[in-house]
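Report on the following structure.
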Amino acid sequence: MRLIIGISGGSGAIYALGLLQTLKLLGIEIHLVMTKMGEDVVKYECGLDKNDLMEFAKEIYSYDDLYAPIASGTFKTGGMVIIPCSMKTLASVANGYSDNLLSRSADVVLKERRKLVVVPRETPLSTIHLKNMLELSRAGAVIMPAAPGFYTHPQSISDMVAIMTGKILDAFDIDHDLSERWGENGKVGER
């Protein structure tokens, strides 16, 4: 499987890093694009730069390279995850404003009817944010706020990141054992 991962400027770069690490372990081919603010947030929150992320991706594209393969529907992928997704990027994608490679790639994924998972990490949400999320949902995107559940009793930030990573993998039907599932294996939710 081949996935596009977009990192925009919302806080929550740790979620992107957890997803990249897991996808690499699972042998998923990753094509990565980051906004300038996405790069800045990864540096600030995780202490990593673009070069550090090269180990996870088959290719890292420049934010303004609209000639990149991921800008075309003929480049076959299983879909895209924007993680974290800033409200600016969300608005851009929801309104078809493809002025950079990240928003163009998301636009292509939607027009080709492939899976787009958007992981906003913002609170509180304004009416405008909610309207943009509704537009994306109507267009076929999965809106998956970075809101891990606590029924598995996470013990660390890594546990919470794993819960969200597992939810994203589930959206693409990718098998994993990152967290316990409700009612399975006689654990969580057993009565």
Side-chain angles (χ1 to χ4, degrees), residues 1-24 28-46 48-122 129 132-133 135-146 164-165 168-169 171-172 174:
M1 177 180 267
R2 173 191 286 168
L3 291 177
I4 302 166
I5 305 299
I7 300 175
S8 69
S11 181
I14 193 168
Y15 289 114
L17 183 58
L19 180 62
L20 290 170
Q21 291 169 334
T22 302
L23 291 173
K24 181 180 179 184
I28 307 293
E29 182 179 308
I30 301 166
H31 292 261
L32 178 64
V33 59
M34 296 182 282
T35 65
K36 173 65 176 110
M37 277 301 297
E39 288 183 43
D40 291 348
V41 173
V42 168
K43 181 73 168 171
Y44 182 77
E45 293 183 354
C46 300
L48 302 172
D49 63 26
K50 194 176 193 174
N51 292 331
D52 295 319
L53 299 181
M54 292 180 83
E55 74 173 279
F56 303 110
K58 177 171 183 175
E59 191 74 43
I60 298 179
Y61 302 97
S62 175
Y63 179 67
D64 59 357
D65 181 7
L66 293 175
Y67 290 101
I70 61 175
S72 172
T74 62
F75 188 75
K76 195 105 162 105
T77 69
M80 180 175 186
V81 182
I82 305 174
I83 182 170
C85 185
S86 69
M87 292 301 109
K88 177 184 176 190
T89 296
L90 188 129
S92 176
V93 176
N95 291 285
Y97 187 64
S98 302
D99 67 334
N100 61 66
L101 184 58
L102 195 153
S103 58
R104 171 61 184 162
S105 299
D107 187 50
V108 166
V109 165
L110 287 174
K111 82 176 183 70
E112 297 293 331
R113 306 289 194 258
R114 297 176 186 147
K115 178 86 61 170
L116 174 63
V117 174
V118 176
V119 184
R121 215 292 320 136
E122 182 69 62
H129 299 152
N132 286 332
M133 287 181 199
E135 285 304 312
L136 274 180
S137 180
R138 286 178 174 157
V142 175
I143 309 300
M144 192 177 296
M164 285 307 305
T165 300
I168 294 164
L169 296 178
F172 289 94
I174 299 171

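Worth knowing before you read on, the calculation uses all heavy atoms, side chains too, and leaves out hydrogens, waters and symmetry mates.
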Heavy atoms only: give me the nearest [X]-[Y] pair and the separation to one decimal.
{"X": "Ile168", "Y": "Met144", "answer": "CG1-SD, 3.7 Å"}
{"X": "Pro84", "Y": "Gly10", "answer": "CG-O, 3.0 Å"}
{"X": "Ala141", "Y": "Leu110", "answer": "N-CD2, 4.0 Å"}
{"X": "Gly9", "Y": "Thr35", "answer": "N-OG1, 3.6 Å"}

* Taking it one step at a time, do Lys50 and Ile60 satisfy side chain to side chain contact (heavy atoms under 4.5 Å, CB included)? -> CA-CA 8 Å; Lys50 194 176 193 174; Ile60 298 179; 3.4 Å; yes

* **CA sep, side-chain torsions, deciding dist, call: Val118, Val142, side chain to side chain contact (heavy atoms under 4.5 Å, CB included)** => CA-CA 6 Å; Val118 176; Val142 175; over 6 Å; no

Side chains of [X] and [Y]: closer than 4.5 Å at any heavy-atom pair?
{"X": "Arg114", "Y": "Met80", "answer": "no"}
{"X": "Leu19", "Y": "Ile5", "answer": "yes"}
{"X": "Pro120", "Y": "Met133", "answer": "yes"}

* Asked: Ion pair present between Lys36 and Glu39, side-chain N to carboxylate O less than 4.0 angstrom?
  -> no

Between [atom1] on residue [X] and [atom2] on residue [Y], distance to nearest 0.5 Å:
{"X": "Ile83", "Y": "Thr165", "atom1": "CD1", "atom2": "OG1", "result": "6.0 Å"}
{"X": "Met37", "Y": "Tyr63", "atom1": "CE", "atom2": "OH", "result": "11.0 Å"}
{"X": "Thr22", "Y": "Ile28", "atom1": "OG1", "atom2": "CD1", "result": "10.5 Å"}
{"X": "Ile30", "Y": "Leu23", "atom1": "CD1", "atom2": "CG", "result": "4.5 Å"}
{"X": "Ile7", "Y": "Leu102", "atom1": "CD1", "atom2": "CG", "result": "9.0 Å"}
{"X": "Ile143", "Y": "His129", "atom1": "CD1", "atom2": "NE2", "result": "13.0 Å"}

Could you tell me whether the side chain of [X] and the main chain of [Y] form a donor-acceptor pair under 3.5 Å?
{"X": "Ser8", "Y": "Ser86", "result": "yes"}
{"X": "Ser92", "Y": "Lys88", "result": "no"}
{"X": "Asp49", "Y": "Asn51", "result": "yes"}
{"X": "Glu45", "Y": "Ala13", "result": "yes"}
{"X": "Ser105", "Y": "Leu101", "result": "yes"}
{"X": "Lys24", "Y": "Glu55", "result": "yes"}

* Asked: Under the salt bridge (charged side-chain N to carboxylate O under 4.0 Å, His left out) criterion, do Asp107 and Arg104 qualify, and how do the steps go?
  -> CA-CA 5 Å; Asp107 187 50; Arg104 171 61 184 162; 3.4 Å; yes

* To do: Would you please test Leu48 and Leu53 for side chain to side chain contact (heavy atoms under 4.5 Å, CB included) and show each step?
  => CA-CA 7 Å; Leu48 302 172; Leu53 299 181; 4.2 Å; yes

* Residue pair Asn95, Asn132: steps toward the side-chain hydrogen bond (donor to acceptor under 3.5 Å, both in side chains) verdict -> CA-CA 8 Å; Asn95 291 285; Asn132 286 332; 3.3 Å; yes

Report, as yes or no, whether the 6.0 Å neighbourhood of atom [atom1] on [X] holds more than 12 heavy atoms from other residues, nucleotides or ligands.
{"X": "Lys115", "atom1": "NZ", "value": "no"}
{"X": "Arg2", "atom1": "CZ", "value": "yes"}
{"X": "Met1", "atom1": "CE", "value": "yes"}

Side-chain donor-acceptor contacts of residues 67-79 below 3.5 Å, not counting sequence neighbours, with atom names and distances?
from: Ser72; atom 1: OG; to: Thr74; atom 2: N; distance (Å): 3.1
from: Ser72; atom 1: OG; to: Thr74; atom 2: OG1; distance (Å): 2.8
from: Thr77; atom 1: OG1; to: Gly79; atom 2: N; distance (Å): 3.2

* Structure fact -> Which of Val93, Val117, Val109 passes side chain to side chain contact (heavy atoms under 4.5 Å, CB included) with Ile82? Answer is Val93

* For Phe172, check ring-ring contact (aromatic ring centres under 6.0 Å, His included) against everything at least two apart and list the hits. =>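 Phe172: no ring-ring contact (aromatic ring centres under 6.0 Å, His included) contacts found.
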
